Engineer: 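Let me begin by handing over the structure; questions about it come next.
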Amino acid sequence: MQDWFEKQPAAIRASFFALAAAILAASFTLTIRYATAEIHPYQAVFLRFAFGVILIAPMLMKAGLGSLKTSRLPLFGLRGVLSAAEMCLWFMAVLYLPLAEATTLNFTVALFGTILAALVLRETVRIHRWLAVLIGFIGVGLIIQPGSDAMQPASLLPIAAAICMACAGMITKQLVATESTTSLLFYLMIITTPVSLIPALTVWETPSWTALGLMAVAALMMNVMQICNVKALQLADYSFFVGFSYLRLPIIAILALILFGEVPDIWIVPGGALIIGAAIYVAMRERKLAKS
């Protein structure tokens with residue numbers, strides 16, 4: 001079976017890994033919904049990172065302690081705090097919002113990434129990308145409908161999570177130039193675990209074996225998803241890969257309807273189309289500029 005798969009064209013293999021990553025991302029979100037029905041989101045975040053530390057131990061043993069040498073611990077620390085905050089906000093969004101809405105609003109991470117690149121990194125962002133960002137936020141407005149009775153305060157949770165994710169991503173872009181993959185994963189887990197423990201202790205209740213099992217599976221899903229993302233990017237261009245990442249929205253919408261009876265709001269369709277279209281354009285534009 002493995003030999004047959006290796007003989008397939010690169011585009012086919014890349015599609016397989018990218019689709020697998022999208023399915024795993026959707027499954028992770030559904031698993032978190034089930035887990036946070038029993039334990040507080042803060043506690044779920046801590047367990048996710050704690051199991052993550054256990055799962056990356058074999059990678060660390062293989063790479064050796066020398067791979068952890070770094071002179072950029074302050075940046076690692078800031079990235080860890082932002083990642084823990086992003087996960088706390090995202091887990092609360094998954095608990096309190098319809099899953100399709102939470103997922104769609106979280107796609108704004110690409111839009112906030114463009115804004116931060118211009119304001120913090122002083123990157124040149126031309127009119128085309130600014131227009132894409134504006135169009136994306138029009139989509140956000142269609143979904144959350146600010147100032148109307150339809151607006152939910154919880155709708156701000158996935159947007160806040162996207163801001164934290166964009167900030168952490170900006171730091172990661174700086175770290176990948178000098179740090180190993182092992183150190184990037186290890187320091188993320190080793191910092192986020194104690195940081196996430198602080199809010200978790202304020203709401204701590206002894207989790208059941210079911211909750212522990214769900215969070216262990218969720219952590220494993222995230223690790224495998226990251227491997228699939230890397231494999232897909234090794235086989236295909238980013239512009240080919242990026243579209244697959246948004247497939248988790250229809251997957252989540254269908255499964256949320258079947259499992260939880262959630263019917264997406266009608267404004268999810270035009271609003272989501274604007275957000276995803278703008279995010280894809282921004283990603284492809286950045287890729288083109290990077291090549292130039």
Side-chain angles (χ1 to χ4, degrees), residues 25 70-90 93 101-147 151 155-179 184 187-188 191-192 226 229-230 233 237-246 248-249 270-292:
T70 182
S71 60
R72 311 185 78 180
L73 276 178
L75 272 183
F76 275 113
L78 180 58
R79 173 175 173 254
V81 171
L82 288 167
S83 296
E86 175 264 320
M87 197 67 73
C88 286
L89 291 163
W90 174 241
E101 179 180 342
T103 301
T104 304
L105 292 174
N106 194 239
F107 287 150
T108 55
V109 62
L111 310 182
F112 287 114
T114 298
I115 295 171
L116 288 170
L119 297 180
V120 180
L121 299 181
R122 301 297 182 183
E123 290 184 6
T124 300
V125 178
R126 303 192 186 282
I127 187 65
H128 294 90
R129 277 198 285 171
W130 282 124
L131 285 173
V133 170
L134 176 61
I135 290 171
F137 283 118
I138 291 173
V140 172
L142 289 176
I143 294 171
I144 68 174
Q145 300 177 47
M151 180 179 178
S155 295
L156 299 177
L157 290 170
I159 297 175
I163 294 173
C164 290
M165 190 186 300
C167 291
M170 183 178 61
I171 295 172
T172 302
K173 283 183 179 180
Q174 298 178 55
L175 289 172
V176 293
T178 58
E179 310 302 315
L184 286 168
Y187 284 117
L188 176 65
I191 292 170
T192 51
Q226 290 170 350
N229 283 337
V230 171
L233 288 170
D237 190 85
Y238 183 75
S239 59
F240 176 90
F241 164 81
V242 70
F244 283 89
S245 64
Y246 295 104
R248 71 180 186 270
L249 176 57
L274 291 177
I275 293 172
I276 293 173
I280 290 176
Y281 179 84
V282 165
M284 295 180 69
R285 187 71 179 173
E286 288 180 353
R287 179 68 173 177
K288 183 179 180 180
L289 292 172
K291 284 184 175 180
S292 300

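Computation of the quantities below employed the complete heavy-atom set of this structure, encompassing side-chain atoms and omitting hydrogens, waters and symmetry-equivalent molecules. Treat the numbers as computed from the prediction; the structure is a model and nothing was measured.
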Engineer: Within this structure, what is the CG-CD1 distance for the pair Leu89 and Ile163, rounded to the nearest 0.5 Å?
Structural biologist: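 Reported value, rounded in 0.5 Å steps: 9.5 Å.
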Engineer: Rounded to the nearest 0.5 Å, how far does CG of Leu119 lie from CZ of Phe112?
Structural biologist: 12.0 Å
Engineer: Could you go step by step and tell me if Thr103 and Trp90 meet the side-chain contact (heavy atoms from CB on, under 4.5 Å) rule?
Structural biologist: CA-CA 9 Å; Thr103 301; Trp90 174 241; 4.1 Å; yes
Engineer: Using the six-membered ring wherever Trp is involved, compare the ring planes of His128 and Tyr281 and label them parallel, tilted or perpendicular (cut-offs 30° and 60°).
Structural biologist: tilted
Engineer: Before giving the answer on side chain to side chain donor-acceptor pair (under 3.5 Å), spell out for Arg79 and Thr172 the whole-Å C-alpha distance, their side-chain angles and the decisive distance to 0.1 Å.
Structural biologist: CA-CA 7 Å; Arg79 173 175 173 254; Thr172 302; 2.9 Å; yes
Engineer: Rounded to the nearest 0.5 Å, what separation is found between the CZ atom of Phe137 and the CD1 atom of Ile144?
Structural biologist: 10.0 Å
Engineer: Give me the atom names and distance for the closest heavy-atom approach of Ser83 to Leu188.
Structural biologist: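 Nearest heavy atoms, Ser83 then Leu188: OG-CD1, 3.5 Å.
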Engineer: Quick one: CG on Leu82 to CD1 on Ile191, what's the gap to the nearest 0.5 Å?
Structural biologist: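 CD1 of Ile191 is found 11.0 Å from CG of Leu82.
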Engineer: Of all the heavy-atom pairs spanning Ala102 and Pro158, show the shortest one and how long it is.
Structural biologist: O-CB, 3.5 Å
Engineer: So which atom in Thr108 and which in Ala162 form the shortest heavy-atom distance, rounded to 0.1 Å?
Structural biologist: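 So the two residues come closest at OG1-CB, 3.4 Å.
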Engineer: Please state whether the rings of Tyr187 and Phe76 are parallel, tilted or perpendicular, taking 30° and 60° as the class boundaries.
Structural biologist: tilted
Engineer: Dump the intermediate steps for side-chain contact (heavy atoms from CB on, under 4.5 Å) on Ile143 and Ile275, then the final yes or no.
Structural biologist: CA-CA 10 Å; Ile143 294 171; Ile275 293 172; 3.8 Å; yes
Engineer: With rounding to the nearest 0.5 angstrom, report the CD1 to CG distance, Ile127 to Leu134.
Structural biologist: 9.0 Å
Engineer: Does the side chain of Met87 reach to within under 4.5 Å of the side chain of Thr192, using non-hydrogen atoms?
Structural biologist: no
Engineer: Indicate the atoms forming the closest heavy-atom contact of Arg248 with Ala25, along with that distance.
Structural biologist: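 Smallest interatomic distance, heavy atoms only, reads CD-CB, 3.6 Å.
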Engineer: First locate atom OG1 of Thr104, then atom CG of Leu274, and finally report the distance between them rounded to the nearest 0.5 Å.
Structural biologist: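 Here the rounded value is 11.5 Å.
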Engineer: Could you tell me whether the side chain of Trp130 reaches within less than 4.5 Å of the side chain of Ile115, counting heavy atoms only?
Structural biologist: yes
Engineer: Which pair of heavy atoms, one from Ser155 and one from Leu105, lies closest together, and at what distance?
Structural biologist: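 Looking at all heavy atoms of both residues, the closest pair is O-CD1, 3.5 Å.
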Engineer: For Gly113 versus Ala166, what's the shortest heavy-atom pair and its separation?
Structural biologist: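 Closest pair (atom of Gly113, atom of Ala166, distance): N-CB, 3.7 Å.
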